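What follows is a set of notes on a single structure, which appears directly below.
Nothing fancy with the numbering, it's 1 onward along the sequence. The structure presented is a predicted model; accordingly, all values stated were derived computationally and were not measured.
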Amino acid sequence: MPGLFQRLFSPRWRHKDPAVRAQAASQLSPDELDTLRRLALDESAHVRQAALARVQDLDPLFQWHSQSPSEESFQRLVDLLGGRVSPSPDLNTRLATVEALQDLALVDALISHGDNLTLRLSALARIDDEDRLIHHACENGITAVRHAAAERVTSPEGLALLIKQARRDKQVARLARERLASLRADAEQQSREEAEREKLLETLEAQAHRPWEPMFEARLKHWIKGWETLTGNADDTQRARFDAAVTRCRQRVAEHEHQHREIERVKREKSEAQTTREGILDALDQALKIALEAERLTPEVLQALQGKWHLQEERWQSISDHYGVSEAFQQRYLALDHRAQSIWQAWERLQAEAPALRACLKGEQPLSPVLDRLAWPDELPPTELVLDAQRQAAADQRGADAENAAKDESRWPDEEVEAQLEALTQELDQGRYRPASQLHRHIRQYLETSDQRLTPAHDQRYKQQTARLAELRDWRGFAAAPKREALLAAIEALAEARERSDGERHRHHQQLIREWRQLGDAAATRELAQRFRAASEALHDQLANWEAELESREQDNLAAREALCEQLEALLANPSADADPDGLRKVRDAAQEQWDHHWPVPRRQAASTGRRYARLRRQLQSLIDERAGDVAGHKRDLVEQARRLAEDSTPASQRAEQAKSLQQRWRELGRAPKGIEQTLWRQFRSHCDDIFAARDAARGEQQSRQQQRFDDMQALIDRVDAWQPNSAGERDVLDAALAEAQRLAPLPRSRRSEGMEKRWQGIVHAREITLDRLALVEEAKQWPDYRHWMRQSLQDELDTRQLAGDLRQAIESRNELQSPAQAEETLQRCLVQLALLAGDAIPEALEPLRLEVQVARLNDALGRPPTPPEELRQTLLRLMATAPLTMEIWERYEPAFDGVMAHLGQNGRHHDAKAIDSV
């Protein structure tokens, strides 16, 4: 009954018949989602289709389809999203849903079956697979979709496939052909650009290592422009290569430009130095001409010459220190200096002979000897004193000549009258009033005393010169009068100008005095002279304190300058033998600085002290030039030594050390003249660079050899590490490897060599252990022979002649004096030692012998410890030498020996102790 009621009252969608369930599903409300979900999972496709057809909302459909996909749920989603059923969601909802879809199969179905072009294009935008795009470009029923899909096919393979399959739409095929042709053209263009870029890069990289040529920079600019047209598809590696190559080329250009600038700078400096030397010599020559062409040699002219000379001399010394000087220029300079020295020497003689000349002019002593001592140069203009003396001497000479002639003849001949008138004419032409006046007076007095009548020509000329003399006298007075009045007004105003500084008033006062004296006796009156003298004395009284202070300071400066000259004289009298030019140059510059600092000095001593200092400075400069020349000679020797050292065949490291010592000597020598210094330094540095380059090359070769040794040693280590010996007879391989390692040793000390040494020792140790183990195994495998020989020896059936020497000797050396107990103990010791060698356990009965056997093994190892094969051989020989033994004792221990030797014969060591425990 319960089952019947259940069948009668249960919902129809739970009916067993699928057709009933399908009919019930088609009648359900869209809001009954739980029931529809169950039916959507029904086993009947017809029921699932009916249930899904009632669902209008997309969210539950997506949820059910993701949990249990089926063809019906997929088709229902396509119908709803594609708008193929009514009602369907609005277009905006469907577009938003399509943009969020992750099921590509559903998207693919919407592209083919959507009811709206926008929907299909939106779904197409979700497809990235080129094969699906090709499918839709060929098979889709809407032209716009086919074209949109074809537009997204970009690969050459896809376009080629699209051309083959697009039979339905010729426009798609044409579009694919055009794009494929464009891609191929672009690929060819890219290939050509790639080849051109690679060629351009190779050219640039090669250009960076080529020698400089005039078109280097122009070609570089051309290649850079060419690269700019090819940079569209250049990768980062190519761009880096281009940047590196261009950087190297530009470095070459910069180096060339720097070198060219240096050469031009040197040429320019040499040319400027040449021009400066020419200018200095011209300035000196011009200064001499000015001094020699002056009408009178005055202290002012000499001081101006000395100032110009001192300035140009300093410039000449500076140029000589920096650039040296050629022989021709030096000769010209010395010639000009000689002329200047003759002027200063004549001035010094004049200062010494001035009192004598004045005394001669007063008639106190004869004039000729004084003029002979003075020896005034003909080219040098005379001073007023010298000119007066010369005129007086000439007049005396003419007077003497006249007196002598008067004795012979009472009248002048016409030639003498002509000479006198010619001399008068020359004096007037030169505007020298005083000598012309004296000569005219001499002629007039002669004519008056001798009553000689001149010829008409001479008389007319005499009258003309008399008129010129009167005119010159009137002109001097006319020109000098305003000047004297102006000087008088200026000095009287200066005496009243107390607001001006004492120094300025003193300099102005001295200048006015010099100008007043230069006027001589032109327009001179007693009244003007007294007024000028009174104003000058008033100024002297006003400036007495300042002048006294100035005089004191001048005296101090003079004393300092004289002390400086004495120091230079002492230095030049005994120059230090080890004084280098640089030290002397410092002394010269310091002396010049001190000389300039101690100024002003008294005017009277200024010229003589200045000439003294100038002479000492020239001597010091000569000493500097001499020492610099010596330094240049020594440095030439160093250059020659460096050249020979660069060409020598001794090891580069030794030559480099010698070059360092040469460089140290170069620094200790000091500087030669700058021009020579630079030339020698370039040569010396070039040779040193060659030496150090050879050292670096040798170091590179040594490092290469060391690296090769490292590589050989590494290869040996790897080879020995990979080698696994299979028998003890392969020990010669290890010995050969050790010999090769000995040949490569010692390696250069480094962390790498230490690591290689540790690894090598470890590998060698491991291989020695392996070889010893193999030798131990091979030796242990001979145990059956030993056991056979032991049995025969116990039965007195052993023929020792067939045995090896050490075995025969061991058997023949048996000590029969031992007791059977002692022999058994020796047998036990051998068994314990073999057990220790095999690493087996020792039975409790023999455990007391362990310590004794171990101590004996340690004592045997105090020298060179035996290897395991040697120890096994020694133990077996001792076993064969054990006597007296009986067959009964041997048979009791024989199984234990068999077990230990079997273990040794298998792996060399074993940890099983069953065989020994059987004793």
Side-chain angles (χ1 to χ4, degrees), residues 280 284 299 302-322 324-325 330 333-334 336-338 340-349 351-352 548-634 667-674 677:
I280 291 173
L284 294 177
L302 196 64
Q303 187 174 6
L305 174 62
Q306 188 175 8
K308 293 179 181 179
W309 199 271
H310 181 65
L311 175 62
Q312 300 303 328
E313 186 181 33
E314 288 183 348
R315 294 180 63 200
W316 181 268
Q317 291 172 356
S318 177
I319 292 294
S320 300
D321 289 342
H322 283 80
V325 60
Q330 186 67 22
Y333 175 76
L334 292 177
L336 293 173
D337 185 70
H338 178 70
Q341 291 297 324
S342 66
I343 295 175
W344 291 321
Q345 291 171 3
W347 182 264
E348 290 178 354
R349 291 195 302 270
Q351 298 299 317
E549 182 181 354
L550 176 62
E551 184 178 359
S552 176
R553 185 164 65 251
E554 288 179 346
Q555 292 296 332
D556 294 341
N557 290 333
L558 178 62
R561 285 192 171 186
E562 289 178 347
L564 176 62
C565 291
E566 292 174 358
Q567 294 176 2
L568 291 177
E569 288 174 348
L571 172 64
L572 293 172
N574 297 297
S576 177
D578 57 349
D580 62 349
D582 291 337
L584 293 176
R585 291 187 183 100
K586 292 179 181 179
V587 171
R588 181 198 64 194
D589 297 339
Q592 184 62 46
E593 183 179 356
Q594 188 175 356
W595 177 270
D596 295 337
H597 176 70
H598 294 294
W599 184 88
V601 295
R603 185 182 302 275
R604 293 180 180 179
Q605 293 85 0
S608 59
T609 309
R611 288 190 295 273
R612 180 185 179 188
Y613 173 73
R615 184 176 64 255
L616 294 173
R617 182 178 173 87
R618 286 192 297 273
Q619 294 177 4
L620 179 59
Q621 184 62 40
S622 300
L623 179 61
I624 292 173
D625 295 340
E626 179 183 355
R627 293 295 176 87
D630 296 339
V631 170
H634 291 308
R667 289 189 291 269
E668 293 173 353
L669 283 175
R671 288 186 300 117
K674 187 170 182 181
E677 173 76 17

Give every residue pair that meets the salt bridge (charged side-chain N to carboxylate O under 4.0 Å, His left out) criterion with at least one member in residues 561-576, sequence neighbours excluded.
Glu569-Arg612
For residues 552-593, which residue pairs qualify under ring-ring contact (aromatic ring centres under 6.0 Å, His included), counting only residues two or more places apart or in two chains?
none
Checking Arg618 now: which residues fulfil salt bridge (Lys or Arg N to Asp or Glu O under 4.0 Å) with it, not counting sequence neighbours?
Glu313, Asp337
Are the side chains of Gln619 and Leu616 in touch, meaning some heavy atoms are under 4.5 Å apart?
yes
Any non-hydrogen side-chain atom of Pro602 less than 4.5 Å from a side-chain atom of Gln555?
yes
Checking Ser608 now: which residues fulfil side-chain contact (heavy atoms from CB on, under 4.5 Å) with it, not counting sequence neighbours?
Gln605, Arg611
Residues two or more places apart in sequence or in another chain: which of them pass side-chain contact (heavy atoms from CB on, under 4.5 Å) with Gln345?
Gln341, Arg349
Val601 and Leu558: which non-hydrogen atoms are nearest, and at how many Å?
CG1-N, 3.7 Å
Distance (rounded to the nearest 0.5 Å) between Asn557 CG and Leu564 CG:
12.0 Å
Might you work through the side chain to side chain contact (heavy atoms under 4.5 Å, CB included) test for Leu623 and Glu626, ending with a clear yes or no?
CA-CA 5 Å; Leu623 179 61; Glu626 179 183 355; 4.1 Å; yes
Which pairs pass side chain to side chain donor-acceptor pair (under 3.5 Å) with one or both residues in residues 582-595, sequence neighbours excluded?
His310-Gln592, Glu314-Gln592, Asp321-Arg588, Asp582-Arg585, Asp582-Arg671, Arg588-Gln621, Gln592-Asp596, Gln592-Tyr613, Gln592-Arg617
